[in-house]
Number of protein chains: 2
Amino acid sequence: MNTRSSATGASPSDQDSDQGGGARTPSRAPRRRGRQSSALASERRVDLVRLAADLFAQKGFQATTVREIADEAGILSGSLYHHFDSKESIVDEVLSSYLDELLGDYRAALEQGGEPRELLGRLISAAYRSLKPHRAAITVLQNDWNYLRQFSRFGYLEEAEQEIQRIWMDVIRDGQAKGAFRPDIDPKLTYRMIRDTIWVAVRWYRPDGPLGTDDLAEHFMTVLFDGISFGERSFES
Amino acid sequence: MNTRSSATGASPSDQDSDQGGGARTPSRAPRRRGRQSSALASERRVDLVRLAADLFAQKGFQATTVREIADEAGILSGSLYHHFDSKESIVDEVLSSYLDELLGDYRAALEQGGEPRELLGRLISAAYRSLKPHRAAITVLQNDWNYLRQFSRFGYLEEAEQEIQRIWMDVIRDGQAKGAFRPDIDPKLTYRMIRDTIWVAVRWYRPDGPLGTDDLAEHFMTVLFDGISFGERSFES
DNA sequence: GTCTATAGGAAGATAGAC
DNA sequence: GTCTATCTTCCTATAGAC
């Protein structure tokens, strides 16, 4: 399901160098480790990534030290570097694998076709459903976006966001053209509103709480499609 | 307009100590500096806070070093400590002053009374309007919330959030009771949806772009109140 | 695959001269 | 109010033994 593996994707060079004593510059990502190509990406390695992702989500990428990650894994910090080039490589793996999967889900939703409202609903459901398995990645993506985007290594983040935006906006515009959605709403603002609402939910959503992600999706669609007002709509009778 | 000054508010103790080599523990905030009480809070100091806030927003609180703040101000890092106890004190001032003002605005909006829909609209407008003057504070609040909340010094953040939530939910519930809002929407989920949508806009909103915050507020209210669907509503005819 | 040991740097903060 | 100079701590990452 991965169109781009984290070990090969993203742009290589680091033009960000050291612009005036900024944050610790990420290592130059030498891109080695051509082994464990497909399936069994070293069990252990997967564990480490997952575990690190949780820490990143909890405390922020920068606030999480490699020592803490190692501690959590029951090894010493130096040993981590047997598995990863750098701390950035770890978060890279967390984020890129999430984005790959999400885009895959979106494309699958599109391919099913259907009415605009149905299609939009399917995108919304797919997005909400990803909250549970990818809590950590989504949280990091939000909290550390501003930091990570500084580095060319993470340029693919903005690329992915662009593509995601295109997908949603196409559906919204198509819905307007077909008369399913109001013509007086702005597609871009509407997309952003949808995106923001869904993703930020990761901050308060508790997977083991009473509400499932499908409940959230349903509630959101109720409001999104028909609004919260009671009685007649205040426009076009 | 400040009900709690950043120099006196918040809980003093730091029970977070050093739980196992976590992030650099914030200084214990000795709460000195009883001077410059009211108006002229030392021009310079205000400048420094504003300038630091922008850096925090841009790069994240932790990624911003005291050296960078000092650089931006044209002084050396050591000199900053003539004005502030610690880096945390600076961000504290940024956040608490914002929250004080926001709560003041909300209370003012409530006091005007009016129909539920009108009242909710006023809250929404107030929130959107704060995007422009408080971009930095809102950005930091979002990006570094998870990190800052670890420290008891910033316990007031959750207190403020609680109070804000109470205000919004009261209005929503009241609107449902009075038949202005649909009874089948969940007040809490709806509040969160509103909150998330408004605040996250800070990530993409450009104050000097074509859209004013009032435009955003209006578009949001359009969708929130009546939904994006065209034609008849899909429930209660 | 993990450990020992440590290099090398950058961070927050302080003391006292000016 | 700012600078000089520096302390202390903690960070990421490396090298090589086991």
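Within every chain, numbering begins at 1; the chains are lettered A, B, ... in the order of the sequence lines, protein sequences first and strands thereafter.
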Can you name the residues that form a ring-ring contact (aromatic ring centres under 6.0 Å, His included) with A:Phe220, not counting sequence neighbours?
none
When rounded to whole Å, the CD1 to P distance for the pair A:Ile69 and D:dA13 reads 10 Å
Let me know the distance between NZ of B:Lys87 and C1' of C:dA10, rounded to the nearest Å.
12 Å
Nucleotide D:dC3, atom C1' - distance to CG of B:Leu80 in whole Å
13 Å
Partners of A:Asp47 by side-chain contact (heavy atoms from CB on, under 4.5 Å), sequence neighbours excluded?
A:Arg50
Nearest to the side chain of B:Ile75 - D:dT12, C:dA13, D:dT2?
D:dT2
Residues, nucleotides or ligands: over 12 heavy atoms within 6.0 Å of A:Glu158 CD
yes
Between D:dG1 (C1') and B:Arg44 (CZ): distance, integer Å:
9 Å
Using whole Å, what does the distance between atom P of nucleotide C:dG1 and atom NE2 of A:His83 come to?
6 Å
Rounded to whole angstroms, how far apart are CD on B:Glu88 and P on C:dA11?
15 Å
Below 4.0 Å: OP1/OP2 of C:dT14 and any side-chain N or O of B:Tyr81
no
For DNA chain C, whose closest nucleotide is more 5', that of A:Gly78 or that of B:Ser77?
A:Gly78
With a 4.0 Å limit, can you tell me whether B:Ser79 has a side-chain N or O closer than that to the phosphate oxygens OP1/OP2 of D:dC3?
yes
Here the distance between atom P of C:dA15 and atom CG of B:Asp85, to the nearest Å, is 13 Å
Report yes if at least one side-chain N or O of A:His82 is closer than 4.0 Å to OP1 or OP2 of C:dC3; otherwise report no.
no
Between A:Phe61 and A:Tyr147, how do the two ring planes meet: parallel, tilted or perpendicular, split at 30° and 60°?
tilted
Find the distance B:Asp47:CG to D:dT2:P and express it as a whole number of Å.
11 Å
Taking only side-chain nitrogens and oxygens of A:Arg67, does any of them come within less than 4.0 Å of OP1 or OP2 of D:dC10?
no
Does B:Leu76 reach a base, just sugar-phosphate, or nothing at all? Heavy atoms under 4.0 Å.
base
Where the side chain of A:Arg129 meets the backbone of A:Ala217, is there a donor-acceptor pair that is under 3.5 Å apart?
no
